[in-house]
> 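Quick one: structure below, then a few questions.
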Amino acid sequence: MKDGGAERSWKESLVWAGWRLVYTRPLLYRMVTRALAWGGNWVPAGAPLMRDWTRARAKPRFKPRTLHDLARERGYLNEVPK
């Protein structure tokens, strides 16, 4: 019997590699979060990388504004991070 998380599928490894790529590049991170805020809810639950997630979980719902946008509006951020 395998322990949970002991082995990843190639899809999960691909998703984590993508996350690492986006998370370590601020400009790319801002672009991706804005794209998800704008159109992330249009991705169907049956999309290839979403399908495995939605078998056991609800499909994520993306908010129309990013966390950075909300923080900037409330005065927590004075400028866009570079």
Side-chain angles (χ1 to χ4, degrees):
M1 185 169 104
K2 295 180 185 178
D3 291 333
E7 292 186 28
R8 293 187 200 167
S9 70
W10 67 270
K11 290 179 189 178
E12 187 176 1
S13 293
L14 180 66
V15 169
W16 280 113
W19 176 84
R20 183 174 47 246
L21 176 78
V22 169
Y23 193 71
T24 58
R25 290 164 178 80
L27 177 61
L28 184 58
Y29 179 84
R30 286 194 306 271
M31 291 169 52
V32 169
T33 55
R34 286 188 190 278
L36 287 172
W38 179 78
N41 292 323
W42 295 353
V43 176
L49 291 177
M50 186 71 75
R51 189 178 319 127
D52 291 339
W53 177 269
T54 57
R55 281 190 187 130
R57 299 168 191 86
K59 181 180 174 274
R61 289 185 288 162
F62 298 96
K63 298 296 181 184
R65 292 180 294 169
T66 68
L67 180 60
H68 281 100
D69 291 339
L70 294 172
R72 195 172 301 108
E73 286 173 13
R74 294 180 182 177
Y76 299 121
L77 295 175
N78 294 327
E79 60 182 57
V80 176
K82 295 184 181 185

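The structure displayed is predicted, hence computed values, not measured ones. Throughout, residue positions are numbered sequentially from 1 according to the sequence presented. These values consider heavy atoms only, across backbone and side chains, with no hydrogens, waters or symmetry-generated copies.
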> Under the ring-ring contact (aromatic ring centres under 6.0 Å, His included) definition, can you give me all pairs with a residue in residues 41-63, not counting sequence neighbours?
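Listed by first then second residue: Trp38-Trp42.
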> Arg51 side chain to Gly46 main-chain N or O, any donor-acceptor pair under 3.5 Å?
yes
> To the nearest 0.5 Å, what is the distance between CZ on Arg61 and CG on Asn41?
8.5 Å
> Apply side-chain contact (heavy atoms from CB on, under 4.5 Å) to Lys59 and list each qualifying residue two or more places apart in sequence or on a separate chain.
Ala45, Met50, Thr54
> Is Leu14 linked to Val22 within one hydrophobic cluster, defined over Ile, Leu, Val, Met, Phe, Trp and Tyr using a side-chain heavy-atom separation of less than 4.5 Å?
no
> Would a hydrophobic clustering, with Ile, Leu, Val, Met, Phe, Trp and Tyr connected at side-chain separations under 4.5 Å, put Leu67 with Leu36?
no
> Excluding sequence neighbours, so at least two apart, what forms side-chain contact (heavy atoms from CB on, under 4.5 Å) with Trp16?
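If we apply the side-chain contact (heavy atoms from CB on, under 4.5 Å) test to Trp16, skipping adjacent residues, the hits are Arg8, Glu12, Trp19.
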> Can you measure from NE2 (His68) to OH (Tyr29) and round to the nearest 0.5 angstrom?
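His68 NE2 to Tyr29 OH: 6.0 Å, rounded to 0.5 Å.
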> Among residues at least two apart in sequence or on other chains, which ones pass side-chain contact (heavy atoms from CB on, under 4.5 Å) with Asp52?
Lys11, Arg55
> Listed by chain and number, what are the ring pair (Phe, Tyr, Trp, His ring centres under 6.0 Å) partners of Trp10, not counting sequence neighbours?
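Listed in chain order: nothing, the list is empty.
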> So does Arg74 have more than 12 non-hydrogen atoms from other groups sitting under 6.0 Å from CZ?
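No, because the 6.0 Å sphere around CZ of Arg74 holds 12 heavy atoms or fewer from other groups.
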> Ala35: which residues meet the side-chain contact (heavy atoms from CB on, under 4.5 Å) condition with it, sequence neighbours left out?
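Ala35 satisfies side-chain contact (heavy atoms from CB on, under 4.5 Å) with no other residue.
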> Tell me every residue that passes side-chain hydrogen bond (donor to acceptor under 3.5 Å, both in side chains) with Thr66, counting only those two or more places apart in sequence or in another chain.
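Asp69.
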> Among residues at least two apart in sequence or on other chains, which ones pass salt bridge (charged side-chain N to carboxylate O under 4.0 Å, His left out) with Arg25?
none
> Under the 4.5 Å side-chain heavy-atom rule for ILVMFWY, direct or indirect, which residues accompany Leu27?
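Met31, which link up through side-chain heavy atoms under 4.5 Å apart, make up the rest of the cluster.
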